[in-house]
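Values in this document were obtained by computation on a predicted structure and should not be read as measured data.
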Amino acid sequence: MSILSNKTEKKAIKVLANTLRFFSNTDLLFVSNEDAFKAREAENILRGIIEQNGYKATYTKGKGTKLTKNRISRNQYANELF
C-alpha cells in the first residue's frame, strides 16, 4: 500500500519509468489481441503519469532510464490556442 501525497516524488516517477522498457520487448512475442491492447493501455497510462508530473522518460541500452524535466519557456503556454 502506498502513502498518498499532494505531489508525486521523483523516486516514484523513476520506478514507473523503469518499467516502460519492458513494454518494448513484447512486440516480438506472440500475444493475443486483447492482451496486446491492455498492455499498450497500461504503457500509455504509465507514460501519462510521468508526463503529467512534468517529466519525459528515455531508455538507452547500457545507460538505463533517464528522466528529463519538461521545460516551458516564458513565451510558451501549455494551453496555447493560437
Side-chain angles (χ1 to χ4, degrees):
M1 187 169 224
S2 63
I3 301 169
L4 299 179
S5 172
N6 290 336
K7 186 178 179 212
T8 305
E9 282 187 340
K10 187 175 180 181
K11 288 181 184 179
I13 294 170
K14 179 73 171 175
V15 169
L16 295 175
N18 284 334
T19 62
L20 289 176
R21 68 186 179 112
F22 298 109
F23 285 98
S24 63
N25 296 337
T26 60
D27 293 341
L28 302 175
L29 302 173
F30 293 108
V31 179
S32 70
N33 289 339
E34 184 178 328
D35 291 341
F37 179 77
K38 296 271 186 185
R40 184 65 59 192
E41 187 177 28
E43 180 183 8
N44 289 337
I45 289 169
L46 291 175
R47 286 191 190 279
I49 292 169
I50 294 166
E51 291 173 5
Q52 181 181 3
N53 284 286
Y55 291 96
K56 181 180 178 188
T58 54
Y59 173 75
T60 306
K61 190 172 183 177
K63 293 187 177 184
T65 303
K66 180 179 178 184
L67 282 177
T68 54
K69 185 78 171 165
N70 291 337
R71 305 271 184 215
I72 297 177
S73 67
R74 293 181 189 180
N75 297 331
Q76 183 182 7
Y77 300 101
N79 295 330
E80 188 174 19
L81 298 174
F82 47 94

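- Within the 4.5 Å cutoff, the side chain of K66 has no heavy atoms near those of the T60 side chain.
- Contact annotation: the side chain of L67 approaches that of I50 to within less than 4.5 Å [non-hydrogen atoms, C-beta and beyond].
- Taking 4.5 Å as the limit, some side-chain heavy atom of Y55 sits within range of a side-chain heavy atom of K10.
- Here the side chains of T65 and L20 are not in contact, with every heavy-atom distance at 4.5 Å or above.
- Qualifying side-chain hydrogen bond (donor to acceptor under 3.5 Å, both in side chains) partners for N44, counting only residues two or more places apart in sequence or in other chains: none.
- With rounding to the nearest 0.5 Å, the separation of CD1 in I49 from CG in L16 is 5.5 Å.
- One distance of note links OG1 of T58 with NZ of K63; it measures 10.0 Å at 0.5 Å rounding.
- Partners of R47 according to the salt bridge (charged side-chain N to carboxylate O under 4.0 Å, His left out) rule, which considers only residues two or more places apart in sequence or in another chain, are E43.
- Residues V31 and A36 share a closest heavy-atom pair of CG1-N, 3.5 Å.
- Distance check, rounded to the nearest 0.5 Å: NZ of K14 to CD of E9 gives 14.5 Å.
- In this structure, the side chains of Y59 and N18 stay at 4.5 Å or more apart for every pair of heavy atoms.
- Under a cut-off of 6.0 angstrom, the local environment of NZ in K69 is crowded, with over 12 non-hydrogen atoms contributed by other residues, nucleotides or ligands.
- Taking a 6.0 Å sphere around CD of E34, one finds it holds 12 or fewer heavy atoms contributed by other residues, nucleotides or ligands.
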Walk me through it: do T19 and L46 pass the test side chain to side chain contact (heavy atoms under 4.5 Å, CB included)? CA-CA 9 Å; T19 62; L46 291 175; 3.5 Å; yes
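- The side-chain hydrogen bond (donor to acceptor under 3.5 Å, both in side chains) search around T68 returns none, not counting sequence neighbours.
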